[in-house]
Number of protein chains: 2
Amino acid sequence: MAQTAGNIVHSFSPLYLEVKRLITESLIGGEWKAAAALPSETRLSQRFKVSIGTVRKAIDELVAEHILVRQQGRGTFVATHDRRRLLFNFFHIVGTDGVKNYPAVETLSFRRSALTAAEAAKLHVSAKDNTRALRIRNVLSLEDRPVVLDDIVIGEHMFPGLSADIFRKRDNTIYQLYQTGYGINVVRTAERLSATLADAESAKILGTKTGAPLLQINRIAYTYHSVPVELRKSLVNTQEHEYFSDLDRPAR
Amino acid sequence: MAQTAGNIVHSFSPLYLEVKRLITESLIGGEWKAAAALPSETRLSQRFKVSIGTVRKAIDELVAEHILVRQQGRGTFVATHDRRRLLFNFFHIVGTDGVKNYPAVETLSFRRSALTAAEAAKLHVSAKDNTRALRIRNVLSLEDRPVVLDDIVIGEHMFPGLSADIFRKRDNTIYQLYQTGYGINVVRTAERLSATLADAESAKILGTKTGAPLLQINRIAYTYHSVPVELRKSLVNTQEHEYFSDLDRPAR
DNA sequence: AAGTGGTCTAGACCACCAT
DNA sequence: TGGTGGTCTAGACCACTTA
């Protein structure tokens, strides 16, 4: 990394991406935990032996990806999965009137069982690892009415010791628990949506009728390097709520 | 704009945002048409009497918003609404297997009628303007099978002279027609999704049964300064296709 | 007052494209 | 070869937060 202008080794990639990679690796390694301040840009530029502008460009990208948060005058921090971030980045349900609210989560069940072959493939778990699945079913309510039925599947190996008790007693978001309890930072999700009909069970839970139309969301949540962490199937009663997709940058 | 470091007037906003604003106004004014090259960054920096870095920062944002496209060694261009961009930025339907294809569009009807009060409000049209609506119904097919039923509503005043003939005979995307034919550049959309049931008419068009679950997408398309341009209601048969929402940056 | 991020400048050089 | 965008540096100064 001891490169100056006119002396770029350039095996392949620009310096700032290399710096970004190093910062990312430190994040993965746990050098800076959730909500912690990174060293100042000046210090980072000394550490990596690059100019401050190069550090800024690396951090720019991590901020754009919502992995880091800058606060002028205070510092640069590891983004946390608090309620605010959930609402802005990971929870895409709003009232038909456009109002966004934080959902109340009730855990209906917490079970362990085998991963199916399809699940193992999506979670990049080798079938011969015999990894088991944690299966968590939650109901999300808005204004005291059930709106979303979530079925979460995570690999047991990534969350050693996670129990129903720990899960229920967390005092923040689920991804916050992943982040602070297991060092797993969800940085991106991919979702596929379709329309389906409520079966008897989901209809009952969501307070609607069998055969009512439901929005189905299949989500894969990823941590750094696009490593899959969680599968989640959501069934949404869209009678009074909708899924919004404003493709980033809400206010321009 | 004759500001140098240490002599910033700073009524309120940073220089690069002012430059961005000026570039945007030139885009709105039609100084650079679709696919046209902007002046080089050097020339722009001379024109605005700022450093090249400041111009770059302004353009950075416009590129992030997909309004401009940079090509190293060639120049910076006004992004066009070609099929490629449609597929990556505005068409969110993929096969259940994840395959993305460009849809074939068939126009079922092209009508003129009054705007409803709700539509006028969403299009920021004053009720007393008596603006009429163009209502266009399209079926989008993938692999020769109908998948999406689109109902488009646009204000007649923004598209003077647009006829069914012109609409049908365009040889590119619909937003391309807006852009090159009427100088209206769609730069952003907001979508709200819900699940619904097919009525007899939509079921027939989409080749499914009455009462089948359909994904409904209500879109508002905006041009610069968040001015609404188009309302679009899409009904999607999600038997073999899905809506994807990968929140920007697909590959990280 | 000291420290942090944010803006702006100026200049050198690299990577890529068209001719 | 000349022009374009892309990277990197160095330094000055502004805006904001904390103490």
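If you're wondering where the values come from, they're calculated on a predicted model, not measured in any experiment. Values below: all heavy atoms of this structure, side chains included; hydrogens, waters and symmetry mates excluded. Protein chains get the first letters and strands the later ones, always in sequence-line order, with residue 1 at the start of each.
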Any side-chain N or O of [X] below 4.0 angstrom from OP1/OP2 of [N]?
{"X": "S40(B)", "N": "dG3(D)", "value": "no"}
{"X": "T42(A)", "N": "dG3(C)", "value": "no"}
{"X": "T76(B)", "N": "dG5(D)", "value": "yes"}
{"X": "R56(B)", "N": "dG5(D)", "value": "no"}
{"X": "K57(A)", "N": "dT7(D)", "value": "yes"}

Practice prompt. Give the nucleotide from the list dG5(C), dC8(C), dT7(D) with an atom nearest to the side chain of P14(A).
Written response: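 From the listed options, dT7(D) comes nearest.
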
Worksheet item: Is the NZ atom of K100(B) crowded by more than 12 outside heavy atoms at less than 6.0 Å?
Response: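 More than 12 heavy atoms, drawn from other residues, nucleotides or ligands, come within 6.0 Å of this atom.
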
Worksheet item: Take atom CZ in R83(B); do more than 12 heavy atoms of anything else shown fall under 6.0 Å from it?
Response: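 Yes.
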
Worksheet item: How close or far is atom C1' of dT9(C) from atom CD of Q46(B), stated in whole angstroms?
Response: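 So the CD-C1' distance, Q46(B) to dT9(C), works out to 15 Å.
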
Item to complete: Take atom CD of E41(B) and atom C1' of dG6(D), then tell me their distance rounded to the nearest Å.
Response: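 These atoms are roughly 8 Å apart.
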
Practice prompt. Report yes or no: does R170(B) contribute a side-chain atom to a donor-acceptor pair with the main-chain N or O of F167(B) at less than 3.5 Å?
Written response: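 Pair found, side chain donor or acceptor close to backbone of F167(B).
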
Fill in: Side chain S141(A), main chain D144(A), donor-acceptor under 3.5 Å
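Answer holds: no.
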
Show each protein N/O and nucleotides 17-19 of chain D N/O combination with a separation under 3.5 Å, one pair to a line.
{"residue": "dT18(D)", "atom": "OP1", "partner": "R74(A)", "partner atom": "NH1", "Å": "3.1"}

Discussion item. Among N138(A), T189(A), N218(A), D150(A), exactly one meets side-chain hydrogen bond (donor to acceptor under 3.5 Å, both in side chains) together with R232(A). Which residue is that?
Written reply: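 Testing each of N138(A), T189(A), N218(A), D150(A) against R232(A), the sole residue satisfying side-chain hydrogen bond (donor to acceptor under 3.5 Å, both in side chains) is D150(A).
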
Fill in: Set of residues satisfying side chain to side chain donor-acceptor pair (under 3.5 Å) with respect to E25(B), sequence neighbours excluded
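Counting only residues at least two positions away or on another chain, E25(B) forms a side chain to side chain donor-acceptor pair (under 3.5 Å) with H225(B).
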
Worksheet entry | N172(B): partners by side chain to side chain donor-acceptor pair (under 3.5 Å), with sequence neighbours left out |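 Result, side chain to side chain donor-acceptor pair (under 3.5 Å) vs N172(B): none returned.
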
Worksheet entry | Check: F88(A) ring centroid to H66(A) ring centroid under 6.0 Å |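 Not under 6.0 Å, so no.
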
Worksheet item: Which residues within residues 29-39 of chain B lie with some heavy atom under 4.0 Å of an atom in DNA chain C?
Response: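 The stretch gives none, as no residue of it lies under 4.0 Å from the strand.
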
Discussion item. Under a 4.0 Å threshold between the charged nitrogen and the carboxylate oxygen, would R56(B) count as salt-bridged to E41(B)?
Written reply: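 Looking at E41(B) and R56(B), the cut-off is met.
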
Discussion item. Quick test of your reading of the model: are D60(B) and R70(B) salt-bridged, counting only N-O distances below 4.0 Å?
Written reply: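 The answer is yes: the pair qualifies as a salt bridge.
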
Worksheet item: What does the inter-axis angle of the helix from dA1(C)-dT18(D) to dA18(C)-dT1(D) come out as, five pairs per end, nearest 10 degrees?
Response: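 That helix has its two terminal axes inclined by roughly 10°.
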
Ignoring hydrogens and angles, write down the donor-acceptor pairs under 3.5 Å from the side chains of residues 72-79 of chain B, residues two or more places apart or on other chains.
none

